[in-house]
Amino acid sequence: QVQLVESGGGLVQAGDSLRLSCAASGRTYSSYAMGWFRQAPGKEREFVAAINWSGSSTYYVENSKGRFTISRDNAKNTVYLQMNSLAPEDTAVYYCAGSVTRTLSLRMRSTDAYDYWGQGTQVTVSS
């Protein structure tokens, strides 16, 4: 069993940066692929980025490439999402998710690929 707790969200202005953290508990965390999703009001939860178990491979949705960076520190049981050049359309609740699948594939874009979810952290970007 893995428990995930996100932090680092907040209210920022357009163009600012934020770094989200996802702290994981559970001894098998380091063997899981991890992902970040977001959900804006009235919209479906959408994929943002994923990282394989070792951190050697990452995968991004097209509109976050170059602005967002996913990384992990398995020694600290933490996954990060560095978000730069934030825009109002990035406003959403951001969720961390863990998958028992170690490697990445196109399937990692789907919420169905993940077995564990955090409670989410709110990111609000004002114009």
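Numbering of residues begins at 1 and proceeds along the displayed sequence.
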Exercise for the section: List the atom of Cys96, the atom of Glu6, and the distance in Å for their closest heavy-atom pair. Expected result: N-OE2, 2.7 Å
Exercise for the section: Starting at OG of Ser54, measure out to CZ of Arg72 and round the result to the nearest 0.5 Å. Expected result: 7.5 Å
Practice task
Indicate yes or no: at least one non-hydrogen side-chain atom of Met83 is less than 4.5 angstrom from one of Leu20.
Solution key: yes
Problem - Taking every non-hydrogen atom, the tightest pair across Ser126 and Pro88 - result: C-CG, 4.4 Å
Practice task
Would you kindly check if the NZ (Lys) or CZ (Arg) of Arg45 is within the cone defined by 45 degrees around the ring axis of Trp117 and under 6.0 Å from the six-membered ring centre?
Solution key: yes
Handout entry: Side-chain donor or acceptor of Asp115 paired with backbone N/O of Val100 under 3.5 Å
Key = yes
Handout entry: Side chains of Val48 and Leu81 in contact at under 4.5 Å (non-hydrogen atoms)
Key = yes
Problem - Trp53 reachable from Val2 in the ILVMFWY side-chain graph, under 4.5 Å edges - result: no
Problem - Pairwise side-chain contact, Thr111 with Glu44, heavy-atom cut-off 4.5 Å (strictly under) - result: no
Exercise for the section: Answer yes or no: is there a donor N or O on one side and an acceptor on the other, between the side chain of Thr78 and the main chain of Lys76, under 3.5 Å? Expected result: yes
Practice task
Decide yes or no for Glu46 and Val61: does some side-chain heavy atom of the first lie under 4.5 Å from some side-chain heavy atom of the second?
Solution key: no
Handout entry: Greater than 12 external heavy atoms within 6.0 Å of Gln3's CD
Key = no
Practice task
Please answer whether the main-chain N or O of Ser57 pairs with a side-chain N or O of Asn52 as donor and acceptor at a distance below 3.5 Å.
Solution key: yes
Problem - Name of the residue among Thr91, Leu18, Val123, Thr124 meeting side chain to side chain contact (heavy atoms under 4.5 Å, CB included) with Leu11 - result: Thr124
Exercise for the section: Kindly work out whether a path of hydrophobic side-chain contacts (I/L/V/M/F/W/Y, heavy atoms less than 4.5 Å apart) joins Tyr116 to Met108. Expected result: no
Fill in the blank from the handout: Smallest heavy-atom separation, Ala40 atom then Ala92 atom, equals N-CB, 3.8 Å
Handout entry: Met34 versus Leu4, closest heavy-atom pair with distance
Key = CE-CD2, 3.8 Å
Exercise for the section: Answer yes when Arg107 and Asp112 have at least one side-chain N-carboxylate O distance shorter than 4.0 Å, and no when they do not. Expected result: no
Exercise for the section: Check whether any side-chain heavy atom of Ile70 sits under 4.5 Å from a side-chain heavy atom of Tyr59, and report yes or no. Expected result: no
Exercise for the section: Kindly determine whether Tyr60 and Phe47 satisfy ring pair (Phe, Tyr, Trp, His ring centres under 6.0 Å), including the steps that lead there. Expected result: CA-CA 8 Å; Tyr60 296 92; Phe47 172 76; 8.3 Å; no
Practice task
Classify the angle between the aromatic ring planes of Tyr114 and Phe37 as parallel (below 30°), tilted (30 to 60°) or perpendicular (above 60°).
Solution key: perpendicular
Completion exercise
What one should report as the nearest heavy-atom pair of Ser17 and Gln82 is CB-NE2, 3.9 Å
Exercise for the section: Calculate, to the nearest 0.5 Å, the distance between atoms CD and CZ belonging to Gln122 and Arg38 respectively. Expected result: 12.0 Å
Practice task
Check whether any side-chain heavy atom of Val79 lies under 4.5 Å from a side-chain heavy atom of Trp36, and answer yes or no.
Solution key: yes
Handout entry: Closest non-hydrogen atom pair, Leu104 against Ala33
Key = CD2-CB, 4.3 Å
Handout entry: Steps toward side-chain hydrogen bond (donor to acceptor under 3.5 Å, both in side chains) verdict (Tyr80, Arg19)
Key = CA-CA 7 Å; Tyr80 304 98; Arg19 188 176 80 158; 4.7 Å; no
